[in-house]
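The sequence lines fix the lettering, A, B, ..., with proteins before strands; numbering per chain opens at 1.
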Amino acid sequence: MSTEPASPHASTPETAGYDPAAVEAAAQGYWRRTRAYEVVEDPSRPKFYCLSMLPYPSGALHVGHVRNYTIGDVISRFQRMTGKNVLQPMGWDAFGLPAENAAIKHATAPAKWTYANIEHMRAQLQAMGYAIDWTREFATCSPDYYVHEQRMFVRLMKQGLAYRRNSVVNWDPVDQTVLANEQVVDGRGWRTGAIVEKREIPQWFLKITDYAQELLDGLDTLDGWPEPVKTMQRNWIGRSEGLEIGFAVADAHFNPTGERLTVFTTRPDTLMGATFVSIAGEHPLALRAAQGNPALAAFIDELRQGGVSEAELETQEKRGMDTGVRVLHPVTGDAMPVYVANFVLMGYGTGAVMAVPGHDQRDWEFAQAYQLPIRMVVVPGEVRDALAELARHVGSHEDAMAAALGESDAIDAYDAAAAVQVVREYQRRIDEEAAYTGRGWLVNSGEFDGLDFDAAFDAIARRVESAGNGQRKVNFRLRDWGVSRQRYWGCPIPVVYCAKCGAVPVPEDQLPVVLPEDVEFSGVKSPIKADPEWRRTTCPKCGGAAERETDTFDTFMESSWYYARYTSPGASTQVDKRADYWLPVDQYIGGIEHAILHLLYFRFYHKLMRDEGLVKSDEPATRLLTQGMVVAETYYREGEGGRREWINPADVEMRRDAHGHVTGAVLKADGLPVGIGGIEKMSKSKNNGVDPQAMVARYGADTVRLFSMFAAPPEQSLEWSEAGVEGMARFLRRFWREVTAHAAQPDHPVVDPASLDAAQKTLRRQLHETIQKVGDDYGRRHSFNTAIAALMELLNHVSRFGDMSGQGRAVRHEALEAMVLLLNPVTPHVSHALWQVLGHPETVLEDVPFPRADPAALARDSVTIAVQVNGKLRGTIEAAPGAPREAVEAAALAEPGVARFLEGQAVRKVIVVPGKIVNIVAG
RNA sequence: GCCCGGGUGGCGGAACGGCAGACGCGAUCGGCUCAAACCCGAUUGUCCUUCGGACGUGUGGGUUCGAAUCCCACCCCGGGCACCA
């Protein structure tokens with residue numbers, strides 16, 4: 001304890017300053033006592049459901065959470081100030097892999113770790129002062145929650161929308177366990193370092209592909225979603241129109257059933273250029289060919305090495321091997337080799353593709369590597385024109401081509417060298433440089449020569465269809481959603497396996513299948529897989545002995561419908577009628593990293609619930625805001641062997657030169673230099689995370705909220721800076737001083753607009769311009785940083801405004817009162833306190849209407865117009881708003897700075913943009 | 001590899017085809033102070049020693065009276081790629 005007689009911060013009535021801790025405790029206490037943010041359905045008022053993505057309870061709140069939930073809180077409080085009945089809920093995405101990792105590390109049960117984290121993080125969230133209805137809170141690991149998910153699943157099973165099939169996973173051969181993609185590093189298991197293998201196991205799937213077209217079409221209705229998110233989803237769903245073609249297998253030995261090898265192509269126009277077929281290693285035909293072909297069997301075995309992620313597969317070197325199988329071209333009947341190729345995936349399309357090396361870059365590279373023929377069958381416009389010219393000389397396109405390529409001497413008699421060169425150069429590029437992948441006109445395609453893409457597509461499709469060799473087909477890139485996880489800490493999949501009856505859904509009256517929480521967790525095997533007692537059950541159909549499914553659901557399952565559950569706390573069904581009032585979500589906020597997976601499953605599950613009659617809308621959320629990441633500078637010192645030891649930014653001080661340029665950084669503890677490692681996403685591994693709780697303790701929640709909204713627009717990444725946070729604290733202190741000093745005045749006259757002088761009018765105009773901008777920035781633009789900048793600017797105007805006359809104080813009073821309300825969504829504690837300082841009784845500020853700009857106060861006597869000569873600024877003029885074009889033009893030409901630049905030049909044109917700019921084109 | 005973003009002073013950013021750099025940070029100078037902190041005032045894109053001007057939004061090209069903003073090509077950085085959430 002200090003023995004100082006008086007603290008330097010001791011306050012006297014004169015200097016009583018902003019004390020965030022006291023202000024925040026008072027405001028939060030009031031909100032709690034009055035249950036200020038608990039809401040019920042109220043058909044008399046427009047509703048606004050503002051939802052932020054629920055947090056995973058990882059241990060402690062991080063700055064990304066603070067940013068996400070502050071955005072949601074600003075929107076929620078603003079919407080309520082405009083008269084809406086606002087719901088802002090919060091919950092916990094409680095199942096997941098990190099709990100298992102933590103359980104191994106700390107020798108505790110995943111459930112225990114999770115619940116402790118939730119307790120801690122709830123307190124941290126509450127200290128931020130969010131206007132959340134905490135009565136609706138839940139954790140997704142509660143059986144009360146996941147029972148509804150299990151019930152939905154057994155219903156989907158009965159409808160065939162949930163089904164079981166084999167699919168491939170990452171297998172760690174040492175630990176004998178399935179690995180998540182995240183756990184595969186450079187093709188090896190992250191703990192064992194063993195080379196990961198692909199392994200097929202039976203898993204459950206939801207038929208999201210049945211909804212592919214609807215998910216695609218629905219994007220067109222989502223006007224409130226960011227265009228990049230919709231584009232990413234469109235590309236992910238990947239609708240393509242093409243042709244499914246069956247290739248007859250030449251040798252019955254490889255194909256005892258007589259089945260055709262089916263491929264899907266979006267480029268049927270290139271069919272005549274197909275010179276081989278590539279198939280996946282897991283393709284049945286490949287497996288059959290491998291019997292009795294040890295080399296091929298070994299190659300297919302080799303392809304099993306490595307992980308299953310698309311990024312890994314797509315960046316691998318392209319490799320293949322001839323299977324020895326031959327198929328027949330469906331039009332020419334020519335025999336074509338079938339290759340096993342590592343870039344063909346069994347999970348996409350049919351697991352087989354026709355290869356057209358002349359017009360597909362990947363096939364081209366493969367053909368180069370394995371000396372396979374390349375056929376040119378499509379040409380762009382200029383080559384077609386050259387061929388047409390030659391054809392006029394030699395009679396036919398076919399002859400023209402032969403002549404151009406020197407296969408006949410018919411052309412020698414004509415002077416057509418240029419056209420010949422065009423064709424030869426094109427052929428050379430395809431042979432030696434790269435495939436031509438654009439659309440064009442057909443050549444070397446017999447009866448299809450000369451057709452363009454659409455005509456060729458049509459003609460070849462008809463030809464293939466009439467021969468019974470295939471049909472047109474719409475294909476989607478989207479694959480069914482695999483929901484099985486071979487993990488313990490998840491929702492048990494409600495299925496029983498019976499030797500007689502097969503996979504049987506658990507009857508609804510026996511749900512939930514509860515996950516035991518009090519378990520020993522070693523990490524080697526899931527406790528429910530290891531426990532024969534838990535597994536043992538009886539078949540719901542035949543009553544015989546049976547076993548429970550021990551896989552659990554993908555955690556995306558829980559996060560796909562939580563938004564609906566918030567509307568119906570305590571309901572015995574998944575949701576009840578209250579959902580009809582609240583849904584759809586009016587504003588959804590979360591990280592851009594969820595643009596595809598979560599947001600697609602979320603939309604899909606909503607449609608599943610709609611089709612079950614649980615919700616009425618087609619889409620779960622009408623508006624979406626995707627926030628950027630939070631990043632920070634990294635600092636390090638090199639330890640033994642050059643290994644970098646990362647140092648937290650909080651322990652580092654910057655060194656600058658006289659210009660303020662950063663010259664280096666030192667550790668606060670010893671004053672010695674540290675390395676600067678660049679700006680990275682905040683993470684444990686780089687130790688550049690900033691603890692929001694420490695910031696709140698030091699500056700208060702309002703300052704942290706203010707900085708997280710001011711430092712960057714919400715959609716961009718935000719760079720954390722402690723100096724920036726201090727700047728926000730400075731602003732709040734200044735604002736506090738300005739309001740308390742004003743409130744200390746004995747009386748507060750009312751503004752009389754008619755009697756204001758010029759300076760008073762100007763301040764009042766600035767106030768009302770700010771009101772207009774801030775409302776627009778909060779409500780429409782979601783541009784919180786510029787709203788705050790405008791308020792800072794206004795405070796600068798107010799503090800320079802020294803007028804202590806009656807009307808001077810009246811204008812200042814109007815401004816400060818409005819500013820308290822305008823700032824309320826961002827800094828609700830400060831506003832709560834200052835509202836009372838300004839003489840109002842304690843109240844929930846969201847019930848005070850958001851200020852409205854007075855059009856009369858916005859009027860200006862004159863506007864400044866920039867004048868350019870040839871696009872360069874040469875001066876400015878003042879003009880009355882709405883002044884006639886001729887007068888503005890004359891004033892612009894007369895402006896001395898402008899006139900100087902016009903000397904000796906003719907004015908050719910004058911562009912006048914009313915109220916903004918004049919551009920004089922001269923020369 | 002594929003899909004989607006981003007690149008503007010010393011730094012974070014502003015500018016919704018019309019005065020590039022609002023606002024904040026940092027820095028410099030000055031004031032207040034015994035002193036430090038707080039606070040207040042001034043300056044702060046680069047270059048030309050100037051009144052004044054030239055240049056300037058990743059690079060190269062284009063559209064336009066006018067481009068940070070629209071189009072094309074390229075470079076660099078970030079997000080996602082179906083088992084991290």
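The C1' atoms of rA22(B) and rU33(B) are separated by 34 Å, rounded to the nearest whole Å. A distance of about 11 Å separates the C1' atoms of rG56(B) and rA68(B), rounded to the whole Å. Here the separation of rC75(B) from rG66(B), taken at their P atoms, is 30 Å to the nearest Å. Distance noted for atom C1' between rG13(B) and rG6(B): 14 Å (whole Å). Using C1' as the reference atom, rC3(B) and rG10(B) are 36 Å apart when rounded to the nearest Å. Across the C1' atoms, rC77(B) and rU59(B) are found 15 Å apart, a figure rounded to whole Å. Of the P atoms belonging to rG60(B) and rA27(B), the separation is 34 Å, rounded to the nearest Å. Using atom C1' as the reference point in both rG62(B) and rU69(B), the two lie 15 Å apart (nearest Å).
Separating the NE2 atom in H594(A) from the OG1 atom in T626(A) is a distance of 11.0 Å, to the nearest 0.5 Å. For the atom pair E738(A) CD and L795(A) CG, the distance stands at 6.0 Å (nearest 0.5 Å).
When the nucleotides rG1(B), rG18(B), rG26(B) are ranked by their closest atom to the side chain of A723(A), rG26(B) comes out on top. Of the candidates rG24(B), rG79(B), rA85(B), the closest approach to any side-chain atom of M232(A) belongs to rG79(B). Among the nucleotides rG5(B), rA82(B), rC65(B), the one closest to any side-chain atom of P228(A) is rG5(B). Among the nucleotides rA22(B), rC3(B), rG24(B), the one closest to the side chain of A789(A) is rA22(B). With rG18(B), rC83(B), rC40(B) as the candidates, the nucleotide lying closest to the side chain of N170(A) is rC83(B). Distance from the side chain of L873(A) is smallest for rA20(B) among the nucleotides rA20(B), rG18(B), rG79(B). Distance from the side chain of N235(A) is smallest for rC3(B) among the nucleotides rC3(B), rG26(B), rA85(B). Here rC83(B) is the nucleotide among rC83(B), rG26(B), rA85(B) with the atom lying nearest to any side-chain atom of Q203(A). Out of rC83(B), rG79(B), rG13(B), the shortest distance to the side chain of N785(A) is found at rG13(B). For R874(A), counting side-chain heavy atoms from C-beta on, the closest listed nucleotide (rA54(B), rC39(B), rC23(B)) is rA54(B).
The distance from atom CD of E878(A) to atom C1' of rC19(B) is 13 Å, rounded to the nearest whole Å. The distance between atom CH2 of W236(A) and atom P of rG79(B), rounded to the nearest whole Å, is 16 Å. With rounding to whole Å, L718(A) atom CG is found 13 Å from rG24(B) atom C1'. L706(A) places its CG atom 16 Å from the P atom of rC23(B), with the value rounded to the nearest Å. Atom CZ in R485(A) sits roughly 11 Å away from atom P in rA82(B) (whole-Å rounding). Between Q716(A) atom CD and rC4(B) atom P the separation is 19 Å, expressed in whole Å. Rounded to whole Å, atom C1' of rG17(B) lies 13 Å from atom CG of N919(A). One atom, CZ of R656(A), and another, P of rG10(B), lie 13 Å apart when rounded to the nearest Å.
Backbone-only contact: E793(A) has heavy atoms under 4.0 Å from sugar-phosphate atoms and none from a base. The residue H598(A) sits apart from the nucleic acid: no heavy atom pair falls under 4.0 Å. Base engagement by D776(A) is indicated by at least one non-hydrogen atom pair under 4.0 Å involving a base atom. Counting any heavy atom pair closer than 4.0 Å across all strands shown, Q486(A) reaches a base atom. Among the atoms of the strands shown, base atoms are found under 4.0 Å from some heavy atom of L597(A). When heavy atoms are screened at a 4.0 angstrom cut-off, V229(A) is found touching no nucleic acid atom at all. In this structure, F901(A) reaches the sugar-phosphate backbone alone: every heavy-atom distance under 4.0 Å involves primed, P, OP1 or OP2 atoms, never a base. Note on R477(A): a base of the nucleic acid sits closer than 4.0 angstrom, heavy atoms only. As judged by a 4.0 angstrom heavy-atom cut-off over every strand, R734(A) is placed among residues touching the sugar-phosphate backbone only. If you check every strand for non-hydrogen atoms under 4.0 Å, K773(A) touches nothing. L478(A) comes within 4.0 angstrom of a base, heavy atoms only. In this structure, S309(A) reaches the sugar-phosphate backbone alone: every heavy-atom distance under 4.0 Å involves primed, P, OP1 or OP2 atoms, never a base. Residue M728(A) is in sugar-phosphate contact alone, with no base atom involved, counting any heavy-atom pair closer than 4.0 Å across all strands shown.
The base of rC83(B) sits with one of its N or O atoms less than 3.5 Å from a complementary donor or acceptor on the side chain of R487(A). Side-chain atoms of E593(A) stay outside donor-acceptor range of the base of rC4(B), with no qualifying N/O pair under 3.5 Å. At a cut-off of 3.5 angstrom, counting only N and O atoms as typed in the model, there is a donor on one side and an acceptor on the other between the side-chain of R780(A) and the base of rC16(B).
Between L51(A) and Y562(A), some side-chain heavy-atom pair lies under the 4.5 Å cut-off.
In this pair, F366(A) and F343(A) present their aromatic rings perpendicular. The plane angle is above 60°, beyond the 30 to 60° band.
Classification of E365(A) and R362(A) as a salt-bridged pair fails, no side-chain N sitting under 4.0 Å from a carboxylate O.
Base pairing annotation: rG78(B) forms a Watson-Crick or G-U wobble pair with rC4(B), both donor-acceptor distances under 3.5 Å.
Among V169(A), L313(A), N170(A), the single residue meeting the side-chain contact (heavy atoms from CB on, under 4.5 Å) criterion with K198(A) is L313(A). Checking each of F602(A), W225(A), Y563(A) against Y588(A) for a ring pair (Phe, Tyr, Trp, His ring centres under 6.0 Å) leaves exactly one that passes, namely F602(A). When each of R199(A), Q203(A), R479(A) is checked for a side chain to side chain donor-acceptor pair (under 3.5 Å) with S167(A), only Q203(A) meets the rule.
Look at rG9(B): its glycosidic torsion is within 90° of 0, and that puts it in the syn range.
Side chain of E633(A) to main chain of P649(A): no donor-acceptor pair is present (N/O by atom type, distance under 3.5 Å, no hydrogens or angles).
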